[in-house]
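As the structure is a prediction and not an experimental result, all values here were calculated from the model. Just so you know, these numbers use all the heavy atoms, side chains as well, and skip hydrogens, waters and symmetry mates.
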Amino acid sequence: MLSLALRTLRFRKGGFVATFIAMFFGAALIMACGGLMESGVRDAVPPQRLAAAPLVVTGDQTYESSQLAERVRLDAGRVGTVAAVPGVAKAVPDVSFPVSVVRDGRPVTDLTDGATRTEHRPLGHGWGSAQLAPYTLTSGTEPRAAGDVVLDTELARQAGATVGDEVRLVAHGRLAEFRLTGVVQQAGGRTASQPAVFFTDARATALSGRSGTVDAIGVLPKPGTDAGELGSRIEQALDGRAAVTLSGDNRGLAEFPQAATSQQNLIMLSAIFGGWAILVAMFGASSTLGLTITQRHREMALMKAIGTTPRQLRRMILGETLAVSIVASVLGCLPGALLSQFLFDKLVSAGMVSGAVEFRLGLVPAVVAVGASLLAGVGAAYITARKIAKTRATEALADSAIEGPWLTRTRIWLSVLFLVGGAAMAVMTMTMMTGDLTASTAGPACIMWAIGLALLAPGFTKGIVALLKGPLGAVSGLAGRLAVLNSRAHTVRMAATITPIILLTGIATGTLYMQQIEDASNRTAHTGILRADDVLTATAGGLAPGTLERVRHTPGVAAASDYVTSTGFVQSPEDSTQTGDGWTLQGVTGDQNISVRAAEGSLAGLRGNSVALPVDHAAALGRGIGDTITLRLGDGTSATVKVVATYRPEGVAASLLLPAELLAAHTTDGAAGQIVVRRAPGADPARLTAALSALVKDQPGVDVSGSAALSADRTAGQQQLATINYLVVGMIVGYTAISVVNTLIAATGRRRREFGLQQLTGFTRRQIMTMMSMESVLTLVVGVVLGSIASAITLFPYSVAKLGQVVPTVPVWIYLAVVAGAVIITFAATLVPTWRATRFRPVEAATAAA
């Protein structure tokens with residue numbers, strides 16, 4: 001039977017092409033998300049500057065199951081502990097601190113971008129750690145005196161310096177001159193992503209401002225020592241003292257601790273979008289396949305009438321479906337792999353994923369993509385074949401012309417399952433999800449309701465057709481009345497074309513408005529905490545000591561405060577409202593630049609070990625003024641702080657306010673990187689900005705800008721995330737749009753015989769085009785209405801979770817654009833095939849195979 005089906009395939013090219021396209025693009029979509037998932041799970045971060053050390057000991061960057069925001073450093077005494085472990089030939093400590101090479105009064109490395117600042121800014125090190133790359137001198141000598149420095153080749157080129165020249169450097173806001181004694185290059189001629197500057201070990205420790213600590217320890221084993229066993233011995237010697245031993249590709253995490261967050265980002269994004277993609281692709285493919293098989297009902301009926309057994313029919317349908325599905329899904333994996341690499345590169349360029357992470361794509365995503373496609377195709381084929389095979393020959397011939405009942409037990413159970421599941425996710429969105437996790441339930445809720453409503457589309461179609469039959473008949477006359485009759489007689493066929501429109505409208509509307517709500521939430525949550533007219537921002541690891549006092553004494557300044565941001569966790573008491581993302585920590589100096597008012601206590605009391613909490617958070621912790629809580633700060637340090645005030649934040653999200661001096665000491669840079677300035681009444685804005693710029697002219701890399709600089713990094717991050725969301729959602733919507741076109745062309749192309757018979761009975765070509773236009777209107781109305789309902793199950797719960805209001809203030813034009821897109825796609829995919837099908841002579845069309 002399979003060979004017969006394949007031999008007659010040329011007579012069913014339309015259905016074959018429709019099935020092939022659905023499977024091909026579905027597999028590509030799943031493969032693309034699968035590659036991101038595998039890269040996140042593997043989280044390969046190959047070492048660069050520590051490549052010569054088979055083992056690297058560094059601080060444990062985790063707190064419970066969360067990643068700490070700042071670098072966790074090690075006590076310098078652990079270098080001796082590691083060196084004493086049997087099998088260790090040498091334990092090499094490494095310290096890192098931000099440094100800028102200055103040329104013509106500006107840093108040679110552009111650090112205006114948040115991603116650039118964290119991953120590509122130059123770092124200073126002690127010369128002793130150069131052996132861990134290893135680096136080799138291409139000219140000159142190693143640094144021997146406190147005023148000596150060695151640059152890597154790229155920095156030396158940018159600085160325009162050669163051995164013996166004076167080089168100006170900035171570290172922790174201090175500008176100093178050094179003599180360039182040598183230029184180094186990493187072994188193999190590679191260029192590290194983070195430029196390196198080497199000082200003597202003693203000078204590096206002094207410049208880092210963190211004597212007694214090291215960032216990492218490179219372990220060089222004795223010859224013949226097994227690295228795995230040595231790593232176990234080192235772990236035992238350290239006895240779990242907030243240190244981890246890294247090997248293989250994970251050693252890069254010691255250089256790029258922020259890359260650990262990339263794993264969470266990749267897994268979260270690929271899980272959310274991958275789940276959407278699998279659900280949409282499987283349902284879209286099965287819908288298209290079910291339509292193409294149903295259109296062959298008459299062919300199957302005739303085969304049964306001439307003696308074909310039900311088993312032979314099932315084998316034929318399943319066999320040809322399996323053959324098409326395997327070829328299409330396997331071929332779809334290639335563009336899927338390319339698309340996955342493209343998405344990964346976009347994530348890196350947007351700063352969502354560390355550039356130190358390597359893209360990895362193995363066989364698992366391909367197996368999942370092919371398996372999901374086969375499951376969708378074979379499942380749809382089995383259900384349809386089982387129905388056809390169970391029908392008697394005479395009934396099958398009748399059923400091929402007249403549709404039977406659509407409301408089957410299977411359809412009811414599946415629709416209830418998807419609708420209830422979507423409603424449950426909507427409730428979870430409003431009541432249980434916070435932070436980035438909110439989207440993980442809000443998005444799938446829309447898709448599940450879209451599928452649930454699509455399963456009930458024949459019933460909705462009957463109802464809407466009954467409502468519109470009068471207006472359509474009045475507008476278009478006989479053609480409109482015939483369109484209504486066709487829609488009423490073939491609701492199942494029409495429902496198959498409505499399904500992708502529901503998905504397109506629901507997913508596009510829901511996800512685009514989700515991003516609008518997310519943007520509004522971030523604007524609301526991160527404004528109103530501080531009052532700032534001007535902001536001084538340092539890009540080289542902090543401002544010079546004394547800068548704050550100098551700013552405060554500048555004429556026209558009413559108030560000025562250091563400003564530090566980080567992320568931390570409430571360690572005790574137990575915080576039931578805390579998520580894996582922790583809490584935003586904001587450090588300020590005094591209360592003159594804080595715009596919110598204290599509900600209880602005084603914000604002026606933010607000195608020493610103290611904290612100001614949002615009112616609701618304080619109530620959840622059961623803490624009041626004078627009570628203490630223990631925080632786990634960004635570098636893993638525990639700090640017990642006293643509650644000195646509570647305040648009512650603007651927006652849903654809020655921050656914990658701490659003294660800037662306390663918070664800055666526990667950040668990676670170890671110093672405040674910004675000063676916020678409030679102008680005095682009547683002060684000239686331009687004159688004050690000029691005065692502040694003159695004040696820091698001796699600090700290269702310090703910029704004076706407006707208050708937007710406070711949220712610049714977060715705004716850039718949100719824009720990057722929005723770009724990725726639009727890109728991936730656009731990919732899913734694009735697949736859905738292809739499904740719309742694919743399904744409509746397949747459904748319309750098979751009606752060539754029907755159009756021929758209509759022309760023989762007196763219908764003109766114009767009347768047939770008008771009839772199909774009216775059918776398109778009915779299809780659009782049902783699809784857009786049900787898709788809008790599906791998007792509402794995402795829109796309103798997400799608005800409640802993010803903004804605290806049921807109806808968000810969002811632009812209407814987005815919805816109108818989605819509907820306009822659906823209209824254009826539907827009419828184009830219906831009328832063009834109709835026009836082509838009516839080009840033939842009516843007699844030829846009427847005698848064509850149905």
Side-chain angles (χ1 to χ4, degrees), residues 1-32 34 277-304 306-337 363-391 396 400 496 499-500 735 738-739 741-743 745-747 749-750 849-850:
M1 295 302 295
L2 179 58
S3 61
L4 175 63
L6 295 177
R7 283 199 300 270
T8 59
L9 193 60
R10 63 191 181 93
F11 299 107
R12 296 178 280 105
K13 289 185 292 186
F16 168 78
V17 171
T19 302
F20 185 90
I21 290 174
M23 296 294 179
F24 178 85
F25 284 102
L29 189 62
I30 297 170
M31 182 75 173
I278 290 175
L279 205 58
V280 171
M282 290 183 67
F283 193 75
S286 61
S287 177
T288 301
L289 185 61
L291 174 65
T292 57
I293 295 176
T294 301
Q295 288 178 333
R296 296 169 56 197
H297 207 163
R298 178 182 176 82
E299 171 193 335
M300 303 298 177
L302 290 171
M303 292 182 69
K304 290 196 70 175
I306 62 174
T308 305
T309 66
R311 182 181 180 185
Q312 288 176 317
L313 279 179
R314 285 196 301 268
R315 287 178 58 190
M316 183 186 75
I317 294 173
L318 291 175
E320 64 182 17
T321 300
L322 191 62
V324 173
S325 299
I326 289 176
V327 174
S329 57
V330 170
L331 291 178
C333 287
L334 178 58
L363 291 176
V364 174
V367 172
V368 173
V370 173
S373 299
L374 292 180
L375 180 62
V378 174
Y382 175 79
I383 293 173
T384 308
R386 185 170 178 269
K387 178 182 177 182
I388 293 174
K390 287 175 62 177
T391 308
S400 66
T499 295
Y735 170 75
I738 291 173
S739 297
V741 175
N742 192 30
T743 304
I745 289 177
R750 293 289 295 182

Asks: Distance-only check: which donor-acceptor pairs under 3.5 Å involve side-chain atoms of residues 326-334, not counting sequence neighbours?
Replies:
{"unit_1": "S329", "atom_1": "OG", "unit_2": "S325", "atom_2": "O", "d": "2.6"}
{"unit_1": "S329", "atom_1": "OG", "unit_2": "I326", "atom_2": "O", "d": "3.3"}

Asks: Do you know the tightest heavy-atom contact between G26 and S373?
Replies: C-OG, 4.4 Å

Asks: Using every non-hydrogen atom in the two residues, find where I30 and A369 come nearest and quote the distance to one decimal.
Replies: CG2-CA, 3.7 Å

